[in-house]
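Shown next, in structure tokens, is the structure this report addresses.
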Amino acid sequence: VDLDGVDAERGFEVYTVEIDPGGELGSDPHREGTEELITLFAGTLELEIAGEPYTLQTGDAIRFRADRPHRYLNTGPDPVKLSTTIRYRD
């Protein structure tokens, strides 16, 4: 997993993430009111939010409450490439 750019002082973080085929990345819940925005640039991603699966294909985007458990799984044969912005509320 490759991670780029953090600007937590301004209330958000921006990452570029790559996940190899069969790989996964888990996250504990962020603090209350946190949102995450994902844009998928390549691959097939299964995003689980509080145990509920969502499948994203290249070009898809999603916004969700990140104050619950979530994880990213590469369920396809190609690497997943995505951008995620995590927005914290005060």
Side-chain angles (χ1 to χ4, degrees):
V1 176
D2 293 331
L3 304 175
D4 293 339
V6 176
D7 197 347
E9 291 179 13
R10 294 188 181 154
F12 66 92
E13 300 174 71
V14 179
Y15 298 100
T16 299
V17 179
E18 295 186 17
I19 305 172
D20 291 330
E24 68 178 77
L25 174 64
S27 178
D28 291 328
H30 299 283
R31 68 180 182 239
E32 185 70 29
T34 301
E35 290 184 317
E36 200 158 324
L37 299 91
I38 295 174
T39 302
L40 186 62
F41 296 114
T44 300
L45 177 72
E46 183 173 308
L47 173 64
E48 286 185 7
I49 305 167
E52 186 169 340
Y54 299 85
T55 301
L56 284 74
Q57 303 292 332
T58 300
D60 288 344
I62 189 171
R63 181 180 72 180
F64 63 94
R65 288 182 48 193
D67 55 4
R68 43 188 86 176
H70 50 284
R71 68 184 187 140
Y72 314 85
L73 301 98
N74 182 346
T75 57
D78 301 313
V80 159
K81 295 180 183 176
L82 63 91
S83 173
T84 183
T85 301
I86 303 170
R87 181 174 161 250
Y88 298 98
R89 294 186 189 240
D90 294 333

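Atom NZ of residue Lys81 and atom CG of residue Leu40 lie 11.0 Å apart, to the nearest 0.5 angstrom. Here the CD atom belonging to Glu35 is positioned 5.0 Å from the CZ atom belonging to Arg87, to the nearest 0.5 angstrom. In this structure, CD on Glu48 lies 8.0 Å from CD on Glu24, to the nearest 0.5 angstrom.
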(message) Apply salt bridge (charged side-chain N to carboxylate O under 4.0 Å, His left out) to residues Arg89 and Glu32 and explain how you reach the verdict.
(response) CA-CA 8 Å; Arg89 294 186 189 240; Glu32 185 70 29; over 6 Å; no
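Looking at Phe41 and Val80, their side chains never come closer than 4.5 Å, going by heavy atoms from C-beta outward. Contact annotation: the side chain of Leu82 approaches that of Leu45 to within less than 4.5 Å [non-hydrogen atoms, C-beta and beyond]. Proximity of Pro21 to Pro77: side-chain heavy atoms (C-beta onward) are nowhere separated by under 4.5 Å. Looking at heavy atoms from C-beta onward, Tyr88 lies in side-chain contact with Arg31 at the 4.5 angstrom threshold. Glu36 has its side chain within reach of His30: a pair of non-hydrogen atoms, C-beta onward, lies under 4.5 Å apart. For the pair Tyr15 and Ile86, the minimum side-chain heavy-atom distance is below 4.5 Å.
In terms of hydrophobic clustering, with Ile, Leu, Val, Met, Phe, Trp and Tyr side chains grouped at heavy-atom distances under 4.5 Å, Val17 and Leu47 are assigned to a common cluster. A single hydrophobic cluster is not seen to contain both Leu73 and Phe64; linkage of ILVMFWY side chains at heavy-atom distances under 4.5 Å, directly or through other members, places them apart.
Minimum interatomic distance between Ala61 and Thr39 (heavy atoms only, all atoms of both residues): CB-OG1, 4.1 Å. Heavy atoms only, all atoms of each residue included: Val14 and Ser83 are closest at CG1-OG, 4.5 Å. Between Glu46 and Pro53, the closest heavy-atom pair is OE2-CB, 3.7 Å. In this structure, Arg68 and Ile49 approach most closely via the heavy-atom pair CD-CG2, 3.6 Å. The two residues Thr84 and Tyr72 have their closest heavy-atom pair at OG1-OH, 4.5 Å.
In this structure a side-chain-to-backbone donor-acceptor pair under 3.5 Å is missing from Thr85 to Leu37.
Gln57 and Thr44 are linked by a side-chain donor-acceptor pair at a separation below 3.5 angstrom, with hydrogens and angles left out of the test.
For Asn74, there are no side chain to side chain donor-acceptor pair (under 3.5 Å) partners two or more places apart in sequence or in a different chain.
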